[in-house]
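Below is one structure; the comments refer to it alone.
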Amino acid sequence: MSFYTIDSLTFSFAKECKLFQNISIEIEENQHIGLIGPNGCGKTTLVKLMLGILKAKEGAIYLEGKNINDISLSKVGKTVGYVFQNPDKQLFCPTVWEQMNFSYKFGGNADQGGINDKIHYYLEVFDLMKYRDSSPLELSRGEKQRLALASVLARDVKFLILDEPTTGLDILRKKQLEKCLMTLKEEGKGYMIISHEGKFLTSFVDKLLTLGPKGVESN
Amino acid sequence: MKKFDPRTRIIIVFLISSAALMIRQLAPLLSLLLLTLILCKLFSIPLLGSIKKLKKLWYFFFVLALVQSIFTSGGETLVSIGSFRLLTTLGLQSGISIITRMSIIIYSALIIASAPPLEIVYGLIAMKLPYEIAFMVLLAMKFLPLIKEEFSDSIIAVQLAGADLDKIPMKRKLSLYTYILTPSVIKALHRARYISLSMECRGFRAYPSRTNYCKLKMKRADYMAMLATAVCLLIITV
Ligand SMILES: Nc1ncnc2c1ncn2[C@@H]1O[C@H](COP(=O)(O)OP(=O)(O)O)[C@@H](O)[C@H]1O
Ligand SMILES: [Mg+2]
């Protein structure tokens with residue numbers, strides 16, 4: 001049984017024109033997938049379907065063998081970490097530190113040891129320590145992106161989905177992200193990256209999928 | 001379907017809602033509701049669809065009407081517990097008229113709400129309202145959905161961060177809601193500020209008047225619709 005099974009998925013926002021048709025993908029828990037496609041071809045929409053934010057009308061998506069529609073959003077969130085394309089949508093806490101700490105505070109596993117160290121570590125990696133008490137909304141676009149990445153990486157999830165994670169990152173921070181991806185690989189964790197940067201993708205994924213209106217092709 | 005001038009919509013809604021507030025008897029109110037529904041059909045507004053969309057609102061009005069009917073006394077007793085008169089004919093009447101009045105106002109508001117917002121703004125400007133105020137009305141109409149959108153986005157983000165809203169206790173849930181409400185409002189305010197900035201960049205308020213491409217023109221159908229509404233209102237009230 002695969003970690004993710006996407007079975008002949010068809011989706012459309014408006015009735016007349018289908019965004020994509022007959023998508024079928026199998027993803028293993030420790031696989032590293034890259035997803036590419038032109039702007040507006042529905043990559044973000046596919047990810048939203050995979051998380052259960054949007055509901056599919058035709059076809060089905062299974063996460064660890066269970067239909068995604070039968071799992072609550074918070075359960076999905078505990079298994080799969082998602083970095084939104086737009087970090088504004090992801091950041092909702094009053095301070096940077098609370099944003100990092102949120103999943104532990106409200107997610108149930110608060111008594112786990114070493115949380116503070118972990119949060120410290122990722123704030124240092126993405127150079128956000130100086131902002132720990134300021135509001136995430138006051139950060140610049142690139143800093144928001146870094147915080148969004150850090151808050152997901154600091155969590156203990158089995159699989160990560162990164163929606164255009166390199167947007168707004170400078171060269172130095174992109175290197176840091178690459179280091180984090182390497183660590184994830186070493187830990188045997190899987191991820192899926194949506195990106196337009198071919199060079200970045202090819203060195204960090206094993207399998208590249210191209211999304212088009214007729215389905216996905218692997219190359 | 002003919003396209004009506006936004007001014008027609010505004011005038012008709014103004015006539016109907018002021019009539020709804022003035023009429024006190026039940027029978028004319030009911031005929032006014034009928035007239036409103038016919039007008040909604042004329043403006044091709046789906047009646048059943050809007051009932052479903054405003055479900056919570058109807059629920060609230062129903063409770064309001066129930067309270068009103070219980071606390072208005074007079075007329076003959078319909079239901080009583082012991083010597084306490086629970087429901088009287090007069091109470092029932094006032095309850096029904098509340099629901100009717102609210103329905104009239106909501107359905108007539110839909111006549112405006114179903115038009116493109118910018119068109120309504122042009123209509124208001126053509127009716128000699130200063131354009132600053134007309135645009136402010138538009139922004140005010142757009143602002144509430146903005147907060148709602150930001151809030152529901154935050155709710156999704158909260159759940160994906162692992163918080164189970166169905167399982168955590170009520171008190172904690174309330175604190176969580178207030179926790180994310182502030183950033184949502186701030187985000188909405190940010191967006192509103194950008195809207196006002198970009199409006200100013202395009203010369204908003206630089207001159208006392210503003211021209212636009214869209215030329216409004218009243219057609220015969222518009223005058224007919226307004227006249228018909230006015231005549232019907234006269235017949236109903238007299
Ligand atoms: N909530 C929505 N309602 C209607 N259309 C939408 C919505 N969200 C996205 N779309 C449309 O779906 C298409 C795919 O969007 P998206 O998945 O964000 O593309 P991308 O591949 O660039 O991430 C776009 O054409 C967009 O306009
Ligand atoms: Mg996208």
Side-chain angles (χ1 to χ4, degrees), chain A residues 47-48 50-54 68 71-96 98-110 112 134-139 141 144 147-148 150-158 160-161 163, chain B residues 1 44-46 48-50 52-53 55 114 116 142-198 201:
Chain A
V47 171
K48 283 186 178 168
M50 283 170 68
L51 290 158
I53 300 174
L54 295 171
I68 199 86
I71 318 176
S72 75
L73 218 50
S74 63
K75 276 255 173 56
V76 177
K78 276 180 185 151
T79 320
V80 182
Y82 172 43
V83 177
F84 288 48
Q85 175 166 16
N86 181 355
D88 274 325
K89 305 256 178 230
Q90 184 165 358
L91 309 174
F92 51 82
C93 286
T95 69
V96 167
E98 282 177 82
Q99 183 72 48
M100 295 291 291
N101 195 25
F102 182 85
S103 321
Y104 293 109
K105 196 170 160 196
F106 285 95
N109 44 357
Q112 216 175 58
S134 39
S135 161
L137 302 176
E138 288 163 3
L139 302 179
R141 163 76 223 237
K144 281 180 189 167
L147 177 59
S151 68
V152 172
L153 287 168
R155 295 175 48 205
D156 205 15
V157 288
K158 290 182 186 164
L160 281 106
I161 299 178
D163 196 345
Chain B
M1 183 66 222
S44 50
I45 294 164
L48 275 176
S50 18
K52 270 183 212 142
K53 247 189 229 158
K55 207 155 66 184
S114 65
K142 281 196 170 171
F143 194 65
L144 218 59
L146 218 61
I147 293 187
K148 200 176 149 234
E149 189 194 313
E150 292 292 354
F151 193 69
S152 55
D153 280 342
S154 294
I155 293 279
I156 287 178
V158 161
Q159 285 174 295
L160 281 178
D164 194 342
L165 294 179
D166 299 330
K167 293 240 175 71
I168 56 179
M170 199 58 203
K171 209 173 145 208
R172 227 167 130 74
K173 194 145 109 181
L174 280 180
S175 80
L176 180 62
Y177 277 151
T178 46
Y179 197 64
I180 58 178
L181 185 63
T182 330
S184 311
V185 173
I186 293 176
K187 279 188 216 173
L189 282 175
H190 264 292
R191 272 165 72 172
R193 205 168 65 203
Y194 274 107
I195 294 173
S196 76
L197 263 179
S198 57
C201 287

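If you're wondering where the values come from, they're calculated on a predicted model, not measured in any experiment. Letters go in sequence order (proteins before strands), and every chain restarts at 1.
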- Message: With a sphere of 6.0 Å drawn around NZ of A/Lys48, does it hold more than 12 non-hydrogen atoms of other residues, nucleotides or ligands?
- Response: no
- Most heavy-atom pairs under 4.5 Å with chain A, out of B/Asp166, B/Ile186, B/Leu165, B/Val158, belong to B/Val158
- Item | Contact class of A/Ile53 relative to chain B, heavy atoms under 4.5 angstrom | side chain
- Task: Could you have a look at B/Ala161, B/Ser184, B/Pro183 and say which one has the most heavy-atom pairs with chain A under 4.5 angstrom?
- Result: B/Ala161
- Message: Is any side-chain heavy atom of B/Val185 closer than 4.5 Å to one of B/Phe151?
- Response: no
- More than 12 heavy atoms of other groups within 6.0 Å of A/Lys75 NZ: no
- Message: Under a 3.5 Å cutoff, is there a donor and acceptor pairing between the side chains of A/Glu98 and A/Thr95?
- Response: yes
